[in-house]
Amino acid sequence: MNNSRRKRINESIKLLEDAQAKLKKALDEEQNALSSLPEDEEYDDMRDGMDDVISSLENTLSSLDDALSTLNDSDF
């Protein structure tokens, strides 16, 4: 592998790590917002939507973890 491609891969890893940090922050904020939502029935739909967002973010972060692990374990 030449230095140009190696550099692009390493830059991409950094971008993925930055995205991962931002998504983790968004997940934490959404979880905090959900936990502070009143238990009233009128908020059930909102709670369901927030649960869906949290689940999606968790799945995305898991995929990013896997991708970053694969990239970091490679010899670039």
Side-chain angles (χ1 to χ4, degrees):
M1 173 174 290
N2 70 22
N3 286 335
S4 176
R5 284 190 294 273
R6 184 175 288 116
K7 182 179 177 183
R8 281 187 304 213
I9 291 169
N10 287 320
E11 288 170 352
S12 297
I13 289 170
K14 177 65 176 142
L15 289 171
L16 289 171
E17 289 170 342
D18 291 345
Q20 182 183 41
K22 289 177 183 180
L23 289 171
K24 282 181 180 179
K25 184 176 179 182
L27 174 60
D28 289 342
E29 290 171 353
E30 192 70 5
Q31 288 171 327
N32 288 335
L34 178 60
S35 67
S36 67
L37 201 62
E39 292 293 326
D40 299 345
E41 280 185 32
E42 66 184 270
Y43 295 101
D44 283 349
D45 289 340
M46 185 181 291
R47 231 183 329 279
D48 289 343
M50 293 171 86
D51 278 332
D52 290 343
V53 168
I54 289 168
S55 179
S56 294
L57 286 170
E58 289 171 338
N59 290 336
T60 300
L61 285 166
S62 177
S63 295
L64 268 175
D65 285 339
D66 291 344
L68 284 167
S69 290
T70 299
L71 288 168
N72 286 322
D73 289 345
S74 298
D75 186 25
F76 295 117

What side-chain donor-acceptor pairs closer than 3.5 Å can you find for residues 37-52, not counting sequence neighbours?
from, atom 1, to, atom 2, distance (Å)
Asp44, OD1, Arg47, NH2, 2.7
Arg47, NH1, Pro38, O, 2.6
Arg47, NH2, Asp40, O, 3.0

The criterion is salt bridge (charged side-chain N to carboxylate O under 4.0 Å, His left out); which residues satisfy it with Lys22, sequence neighbours excluded? none
Taking it one step at a time, do Asp28 and Gln31 satisfy side-chain contact (heavy atoms from CB on, under 4.5 Å)? CA-CA 5 Å; Asp28 289 342; Gln31 288 171 327; 3.7 Å; yes
Quick note, side-chain hydrogen bond (donor to acceptor under 3.5 Å, both in side chains) partners involving residues 64-76, not counting sequence neighbours, are Gln20-Asp65
Can you tell me how far the CG atom of Leu23 sits from the CG atom of Asp18, to the nearest 0.5 Å? 11.0 Å
Begin with the C-alpha distance, continue with both residues' side-chain angles, and end with the deciding distance and a verdict on side-chain contact (heavy atoms from CB on, under 4.5 Å) for Arg8 and Arg5. CA-CA 5 Å; Arg8 281 187 304 213; Arg5 284 190 294 273; 2.9 Å; yes
Reported CD-to-CG distance for the pair Glu17 and Leu64, which is rounded to 0.5 angstrom: 10.0 Å
Going from CG on Asn32 to CD on Glu29, what distance comes out if it is rounded to the nearest 0.5 angstrom? 8.0 Å
In terms of heavy-atom contacts, Leu68 and Ile13 come closest through CD2-O, 3.9 Å
